[in-house]
Amino acid sequence: MTHKKRRRLMVLLLAGLGLGTATALTLTAFQDNIVFFFSPSDVLANRPAGERAFRLGGLVEAGSVERGTGTDGRPAATFRVTDGAQAITVTYTGVLPDLFREGQGVVTLGRLLPDNTFRASEVLARHDETYMPPEVADALRRAGHWNPAQGAAPPAETWNTAPRDGRSGG
Amino acid sequence: MDGRLTAGTGATDATRPGARSLHRFANPGRFLRATGRLMPFLWAAAVLVLGFGLVWGLVLSPADWQQGETVRIMYVHVPMAWLAMGGYTGLAVLSVMSLIWRHPLADLTARELSPVGAAATALCLATGSLWGKPMWGTWWVWDARLTSVLVLFFLWLGHAALVRAFDDAERGARAGAILALVGIVNVPIVKFSVDWWNTLHQPASVTRLNAPGMHVDILYPLLVCALGFSLLFGAVVLARTRAAVMERRVRALQLARARREDAVA
Amino acid sequence: MTLHWWHITASYALVLGTFGALAVGAALRHRAAKRLLATLDPRGERA
């Protein structure tokens with residue numbers, strides 16, 4: 001490598017180092033603004049001031065979903081969003097997304113009322129990173145290895161090569 | 001030495017005899033010969049692997065237990081996301097080669113790569129939106145993953161526009177290379193956004209080779225589709241680069257012919 | 001066809017349509033450049 005090329009390489013490395021540091025510092029500084037939602041623990045420990053709208057996210061607590069009809073005739077639902085440590089009751093009027101179920105991740109947008117219930121104007125479902133055929137999920141449930149309403153699927157290596165009905169796993 | 005083939009690009013140190021080892025493929029004639037034999041096989045492999053993968057993903061693979069049939073969008077969405085990020089990393093490597101070694105073929109390849117990379121990123125965003133609406137309940141949210149991929153799309157577009165904005169192709173290539181290298185900080189942000197911050201987008205499923213959180217009947221068609229799209233992406237970029245090399249040669253020959261005719265007249 | 005299948009169809013059509021167009025465009029441009037080069041440089045010095 002000639003002298004000129006080595007100098008260009010050094011300039012590039014230095015510029016890269018500076019840029020990387022600047023980016024890391026900026027991201028750290030804006031850490032709180034980059035989160036998409038707050039967990040129930042975040043919200044109860046650090047109550048947002050006034051009636052500010054924010055996003056609350058977590059899992060739908062098992063056995064907490066009550067569906068009904070709102071005063072305007074639209075479907076309505078009440079459920080609790082939990083992060084394991086704390087839970088907040090959410091009320092929502094409108095159509096829930098297809099993936100909504102107990103044990104599923106959700107992100108809701110709305111306001112926290114004075115009685116600590118959360119009035120949501122939007123409910124989004126958050127799906128986890130497990131992908132499995134329905135037959136395999138059924139088999140896990142039948143064998144008592146997993147209740148989707150209670151939490152995440154068992155470790156992937158216990159099911160990701162399980163055969164589907166009448167077929168080999170590959 | 002083969003200065004004739006680089007006529008019109010200005011003398012670069014790529015054509016100096018001493019720089020040969022690093023520049024085996026900087027010689028356009030050699031590049032055309034080496035890739036010319038490869039092209040038909042690359043096209044054929046891309047079409048075969050992709051055809052097989054898409055039939056597997058669209059018809060033969062199972063539905064997902066909670067997403068149902070909609071999971072099939074993954075077989076096009078995830079390869080586009082991988083190509084958007086992998087392609088951009090490739091663009092950064094080409095930019096280093098351009099800035100440090102003044103590699104003329106790296107400039108040409110980068111110029112032909114960025115429109116294709118922009119297309120892959122746009123498709124990643126579009127298919128993600130089509131997947132998000134039925135599953136999450138929204139076309140778009142401003143979470144860290146989606147926003148950083150949108151930034152990636154603008155970086156691709158910016159590069160494609162910048163390298164074409166200068167009358168002097170070499171200056172355009174230099175400016176584009178600097179933009180591409182500045183933008184590389186965004187690639188780890190895209191990749192790790194789902195781990196560093198909470199997002200609506202789920203974390204990666206295919207992380208470790210031994211136990212991805214994905215059943216093999218869904219994983220294998222995904223990997224075949226990813227390979228097929230990568231081959232097609234590579235074939236398109238290579239064909240465009242070869243065309244660009246030949247077009248440059250055509251311009252040089254036309255210029256030489258015009259000069260000869262002037263001299264005769 | 002259900003809404004879900006509409007979304008799947010639209011995704012595949014977008015991706016295959018765009019990549020198909022890119023591939024055909026690249027192949028045509030490649031062929032045109034090759035032909036023009038062959039007429040200007042019939043001895044094929046580049047190959």
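To find a chain, count down the sequence lines: A is the first, B the second, and so on, and within it residues start at 1.
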Subject >> Passing option when B:Arg102 is tested against A:Arg8, A:Lys5, A:Lys4 for side chain to side chain contact (heavy atoms under 4.5 Å, CB included) >> reply: A:Arg8
Subject >> Partner set under salt bridge (Lys or Arg N to Asp or Glu O under 4.0 Å) for A:Arg74, not counting sequence neighbours >> reply: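 A:Arg74 satisfies salt bridge (Lys or Arg N to Asp or Glu O under 4.0 Å) with A:Asp72 only.
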Which atoms of [X] approach chain B - backbone, side chain, both or neither, heavy atom under 4.5 Å:
| X | answer |
| --- | --- |
| A:Val35 | both |
| A:Arg101 | side chain |
| A:Val123 | backbone |
| A:Leu99 | both |
| A:Thr130 | both |

Quick check for you: among [options], which has the greatest number of heavy-atom pairs under 4.5 Å with chain A?
| options | answer |
| --- | --- |
| B:Pro188, B:Pro203, B:Ser193 | B:Pro203 |
| B:Asp143, B:Val96, B:Asp64 | B:Asp64 |
| B:Thr199, B:Val185, B:Thr147, B:Ile218 | B:Thr199 |
| B:Leu181, B:Val141, B:Asn186 | B:Val141 |

**OP:** Under 4.5 Å, heavy atom to heavy atom: which of residues 125-134 of chain B reach chain A? Give them by number, or say none.
**Re:** B:Trp131, B:Pro134
**OP:** Tabulate, in ascending numerical order, the residues of residues 67-83 of chain B having at least one heavy atom closer than 4.5 Å to a heavy atom of chain A, or enter 'none'.
**Re:**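 Expected list: B:Gln67, B:Val71, B:Met74.
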Subject >> Which residues share a ring-ring contact (aromatic ring centres under 6.0 Å, His included) with A:Phe36, sequence neighbours left out >> reply: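 Listed in chain order: nothing, the list is empty.
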How long is the gap from [atom1] on [X] to [atom2] on [Y], to the nearest 0.5 Å?
| X | Y | atom1 | atom2 | result |
| --- | --- | --- | --- | --- |
| B:Gln202 | A:His127 | CD | NE2 | 3.5 Å |
| A:Met132 | B:Leu219 | CE | CG | 13.5 Å |
| A:Leu9 | B:Trp101 | CG | CH2 | 6.5 Å |

**OP:** Indicate the atoms forming the closest heavy-atom contact of B:Leu200 with A:Arg126, along with that distance.
**Re:**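 Nearest heavy atoms, B:Leu200 then A:Arg126: O-CG, 3.3 Å.
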Original post:
Is chain A contacted by the side chain of B:Ile189, its backbone, both, or neither, given a heavy-atom distance below 4.5 Å?
Top reply: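 For B:Ile189, side-chain heavy atoms alone lie under 4.5 Å from chain A.
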Subject >> Contact origin within B:Val194 toward chain A - heavy atom pairs under 4.5 Å >> reply: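 Neither part.
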**OP:** In sequence, state the C-alpha distance, the side-chain angles, and the governing distance for A:Trp159 and B:Trp65, and then conclude on ring-ring contact (aromatic ring centres under 6.0 Å, His included).
**Re:** CA-CA 13 Å; A:Trp159 53 263; B:Trp65 76 281; 9.8 Å; no
